[in-house]
Amino acid sequence: MNGYPDGIVKEPPEWLSRRRLLDALILRLKGAGQRLAIVLLDMLAIGVLWILVSYIISWHVYGVIAYTLVPWWLFGVGVVEAAAVWESFGRSLGHRLARKELRPRQGGKSTLGQRLVYYIAWHITVLPMVGLLASPPWHERLAGLSLVPFSMEGKKPTPWWRTSSGLFMAVFLCAAVAAAVSVTMDKESLTRLFTQAGRTVKFWKALFSPDTSILLPSIRDLVVTIFMAVIATSFAVVVAVPLSFLAARNLMRGPIGRPIYTVLRGAMSIIRSIEPVIWAIIFLVWVTARRAPFAGVLALWVHSIADLTKLYAERLESIDPGLVEAITSTGAGRLQVLRYAVVPQIINPYISFTLYRWDINIRMATVVGVVGGGGIGQRLYFYLKNLAWQQAGTVMILIVILVWAIDYLSARLRAKLA
Amino acid sequence: MAEPYLVVEHLTKVYERGQVLALKDVSFTVEKGEFLVVIGLSGSGKSTLLRCINRLVEPTSGRIFLGGVEITRLSAREMRKMRRKIGMIFQQFNLIKRATVMTNVLTGRLGYNPTWRTLLGLFPKEDRELALKNLERVGLSDKAYVRADELSGGQQQRVGIARALMQEPELLLADEPVSALDPATSHSVMQYLEQMNREDGVTVLASLHFLSLARRYGTRIIALKEGRLVFDGPPEAIDDAKFKEIYGEEAEQVEVR
């Protein structure tokens, strides 16, 4: 009665059902994605090493900066070929990080012939990216090899200097250190570091002979700084607590929840990656410089929201789902589950994170003050600008005392909560 | 003949887009007042089966009837109401660790009280009295205002039982209630379940690891293997051959006394 002739086929085969087709598609996409990621990672690793080596050679041998030493197209071909060779004949860095290896489908050890077929087929099917969409991919099928989870079964451990990835990492680290040294250091400044320390005596003397006449106004500014941190932190909590629920992976599921989670987490990490000093400058322009501490507060507020949301959400993601199940099974509603299963697990960590962020905000408030965000930082900047070393030293000593005290206080409180 | 109390028909559960098959076409019935024990290896689908009955886990297909009502068709709201009559206790007890025993027991009444009052932590006087009564029943009346994480494992599981008792359940789901306990404590906890079953007429579905415990307390046993129902019958009917079929060739019977 469903369009199929009687007695031959009763219903459509199971693999034709929508769910099965979707499953098969997702399986292939996952496989293709993973293999692509491995290739890209290998190419990235080889490319970066090439650039580092070229940089060192060109700088020290030719005295100029060159990143590839060869035409860019040759660089591209070289990287792709090196990755292909590495993956075909050895166990590449990408394989290692993905915990995979190539093994013959029939078991036993792979032969050089199989590897060679794999290498050639790789160019024909993987480069145009069509071969990856089959399961298993064509080049693996042709070579009789398959990419399987790595296992040490029946093998002896190989020391790192006998593996291609180990050697690669060693060369890479040496090249990175050599390149970093040649970028940041030169002989002249190095000798000065060890011979010219006496030049700074004047500054040290001034820094450690405090000017007591500015103590009172400085302490007033210190209090302003503390208030800035308190206000920024408490208003950030008000926003971050509800946001954290929307940014927790385990709570945001399904076609509506997951996009919200992704967008929110992305936005938060972008906001977090912009330094509070930059935010302070933005808000100084925005709210005009008339009430300077306010711009500083806004800067700290925005940055704290992003930071706290992330910390809170990560805590939410690690709650014990058992208690949620238990409370749900009593017939409790959504809000009741929140109140009795989720809140008891997060309340102390939330308070602890808030204290930690307050502690950071106090330190940040002085930095934000430097660009004109108000408080003690602004005063410090004023003295530094006018080369008033003695007064600047006084302010710095006060800041050290404050930061040390807050550090100690918040550490003690957090230890109590843990 | 009257309809059985709990009917499970062709229950199937597939996790993660067809990758993991937890239950495959499981059907059985339970009469009111039975003490049904579910046995099977770890990962055989026991937990999933129990969680499908109060829909902590949504079945992929199949139907479940409880007292003539099709549970698998209820809306979220109706299901919440239904859950009040289904108590559940867990392997890891799942108590609010930082709260008092009293608070933990009172959470058993959440489904019966208006949301706004419970959000403030307010419960009616009758509920508090009932909580004390139930704590006395599980022998913990002197621990009512102690923090839950200060109790031993066996005591915590008894708090779990008291919480389930608060729901005045008709059906009790026990997901490996004694797996985290030592043998002596296991028996004391199992005896409370037996008491609920005999004195209050609560139908019990308990998953257990040890066959000896299953034989001692169950009125009937069902066995799962890789998500399939492989045995359904009285405890005496599990002989050596059947045991090997359920637990695999290399298994040995271990006694818990």
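Residue numbering restarts at 1 for every chain, and letters A, B, ... go by the order of the sequence lines.
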Where does [X] contact chain A at under 4.5 Å (heavy atoms): side chain, backbone, both or neither?
X: Gln92(B); value: neither
X: Arg163(B); value: side chain
X: Asn104(B); value: neither
X: Leu95(B); value: backbone
X: Arg98(B); value: side chain
X: Ile86(B); value: backbone
X: Arg51(B); value: side chain

Quiz item: When only pairs under 4.5 Å are counted, which of Ala332(A), Ser329(A), Pro344(A), Gly333(A) shares the most heavy-atom pairs with chain B?
Solution: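 That would be Ser329(A).
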Ignoring hydrogens and geometry beyond distance, is a side-chain donor-acceptor pair present between [X] and [Y] at under 3.5 Å?
X: Arg357(A); Y: Ser304(A); value: yes
X: Tyr112(B); Y: Thr330(A); value: no
X: Asn113(B); Y: Thr118(B); value: no

Practice problem: Check the pair Arg137(B) / Asp200(B) against salt bridge (Lys or Arg N to Asp or Glu O under 4.0 Å), numbers first and verdict last. | Solution: CA-CA 12 Å; Arg137(B) 208 174 142 182; Asp200(B) 308 47; 2.8 Å; yes
Quiz item: Can you tell me if Gln91(B) uses its side chain to pair, donor with acceptor, with the backbone of Ala180(B) under 3.5 Å?
Solution: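 Such a contact is absent between Gln91(B) side chain and Ala180(B) backbone.
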Quiz item: Just checking, Arg158(B) and Tyr192(B): is the charged tip under 6.0 Å from the six-membered ring centre and within 45° of the axis?
Solution: no
Self-check item: Ile327(A) portion near chain B, given a 4.5 angstrom heavy-atom threshold
Solution: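 The side chain, not the backbone.
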Quiz item: Which of parallel (below 30°), tilted (30 to 60°) and perpendicular (above 60°) describes Tyr312(A) and Phe353(A)?
Solution: tilted
